[in-house]
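Just the heavy atoms: all of them, side chains too, but no hydrogens, waters or symmetry mates, feed the values below.
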Amino acid sequence: MVNLRVSATEMANPHEPHFFKPLLPGFQSGVTIRLAFFSKHIEGKTNQKTWKLRSDASDQTWEVIQEDRTLTRGWKDFTTAHDLQIGDLVIFKHEGDMVFHVTPFGPSCCEIQYTHPHIIKEEADAGDADDNEISKS
């Protein structure tokens with residue numbers, strides 16, 4: 001019998017597989033990568049143990065160490081910078097070469113929106129609005 005079942009990840013974009021992870025108590029000390037994702041996309045594909053995490057919140061890239069199936073060193077810095085909390089959910093999208101785009105969602109199941117300081121600065125440089133209006137945006 002042929003298995004016709006296709007995962008949602010494969011339907012979305014087979015070149016950028018992704019998984020989600022709810023943040024439970026103790027998440028700042030490390031987050032475990034889902035076994036199915038790890039087995040299919042990481043294990044045996046690379047010897048590299050450093051993940052590079054990116055997000056829409058910043059131009060910065062965080063380096064996080066993978067130990068077995070757990071992201072450890074560097075993970076706490078990423079969670080602190082993104083003000084992640086218990087109950088949030090993060091989606092890891094693998095872009096290749098151990099680079100992952102991380103999208104955080106809050107308990108309301110809506111994507112967490114961050115203020116972009118560099119965008120605010122560009123608006124200020126553009127001119128017409130006064131400084132008080134820009135700093136509130």
Side-chain angles (χ1 to χ4, degrees):
M1 176 175 257
V2 175
N3 183 359
L4 297 177
R5 194 171 128 192
V6 177
S7 73
T9 299
E10 292 169 329
M11 287 175 48
N13 186 344
H15 303 292
E16 291 184 337
H18 50 280
F19 68 97
F20 71 89
K21 192 73 179 166
L23 300 182
L24 304 174
F27 75 90
Q28 287 187 324
S29 63
V31 64
T32 303
I33 304 153
R34 299 209 175 264
L35 180 59
F37 183 89
F38 186 80
S39 298
K40 185 172 183 178
H41 301 287
I42 306 298
E43 188 174 41
K45 308 267 193 247
T46 180
N47 291 329
Q48 193 173 341
K49 298 295 182 190
T50 301
W51 288 34
K52 293 181 179 169
L53 305 183
R54 300 183 321 101
S55 76
D56 291 336
S58 169
D59 293 334
Q60 182 176 345
T61 298
W62 285 263
E63 290 192 356
V64 179
I65 303 302
Q66 170 200 323
E67 297 177 24
D68 295 319
R69 284 185 21 243
T70 304
L71 298 180
T72 57
R73 284 180 282 145
W75 173 247
K76 184 174 184 174
D77 294 337
F78 181 84
T79 65
T80 300
H82 290 80
D83 194 28
L84 297 178
Q85 306 291 321
I86 294 169
D88 290 347
L89 180 131
V90 289
I91 296 175
F92 293 83
K93 182 169 55 172
H94 189 205
E95 297 179 333
D97 295 327
M98 299 307 287
V99 175
F100 291 79
H101 186 274
V102 181
T103 305
F105 287 77
S108 65
C109 298
C110 294
E111 185 176 344
I112 296 172
Q113 299 296 312
Y114 297 96
T115 301
H116 294 273
H118 64 278
I119 292 173
I120 292 170
K121 183 180 182 318
E122 288 172 12
E123 289 173 358
D125 292 345
D128 297 343
D130 72 51
D131 291 321
N132 291 334
E133 288 178 335
I134 293 169
S135 65
K136 291 179 185 175
S137 62

Undergrad: Do P17 and K40 come within less than 4.5 Å of each other through their side chains, counting heavy atoms only?
TA: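 Of all side-chain heavy-atom pairs linking K40 with P17, none is under 4.5 Å.
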
Undergrad: Between H94 and F100, is the ring centre distance below 6.0 Å?
TA: yes

Undergrad: Looking at side-chain heavy atoms only, is the closest gap between V90 and F27 below 4.5 Å?
TA: no

Undergrad: Could you check if a side-chain atom of L23 sits within less than 4.5 angstrom of a side-chain atom of Q28, using non-hydrogen atoms only?
TA: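 With C-beta onward as the side chain, the pair stays apart.
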
Undergrad: Hey, what do you get for NZ (K49) to OG1 (T72), rounding to the nearest 0.5 Å?
TA: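 With rounding to 0.5 Å, NZ (K49) is 11.0 Å from OG1 (T72).
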
Undergrad: For the residue pair E111 and F105, establish whether any side-chain heavy-atom pair is separated by less than 4.5 Å.
TA: yes

Undergrad: Please check if atom CZ in R73 has more than 12 non-hydrogen atoms from other residues, nucleotides or ligands closer than 6.0 Å.
TA: no

Undergrad: State, yes or no, whether a side-chain contact exists between P104 and Y114 at a heavy-atom distance under 4.5 Å.
TA: yes

Undergrad: I'd like to check I33 versus Q66 (side-chain heavy atoms, cut-off strictly below 4.5 Å). Are they in contact?
TA: yes

Undergrad: Apply salt bridge (Lys or Arg N to Asp or Glu O under 4.0 Å) to K21 and list each qualifying residue two or more places apart in sequence or on a separate chain.
TA: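 With sequence neighbours excluded, K21 shows a salt bridge (Lys or Arg N to Asp or Glu O under 4.0 Å) to no residue whatsoever.
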
Undergrad: Do you know which of T80, I65, V31 makes side-chain contact (heavy atoms from CB on, under 4.5 Å) with W75?
TA: V31

Undergrad: Is it true that the NZ or CZ of R34 lies under 6.0 Å from the centre of F20's six-membered ring and within 45 degrees of the ring axis?
TA: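 Pair R34/F20 counts as cation-pi.
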
Undergrad: With salt bridge (charged side-chain N to carboxylate O under 4.0 Å, His left out) as the rule and sequence neighbours excluded, what pairs involving residues 90-99 come up?
TA: E16-K93, R54-E95

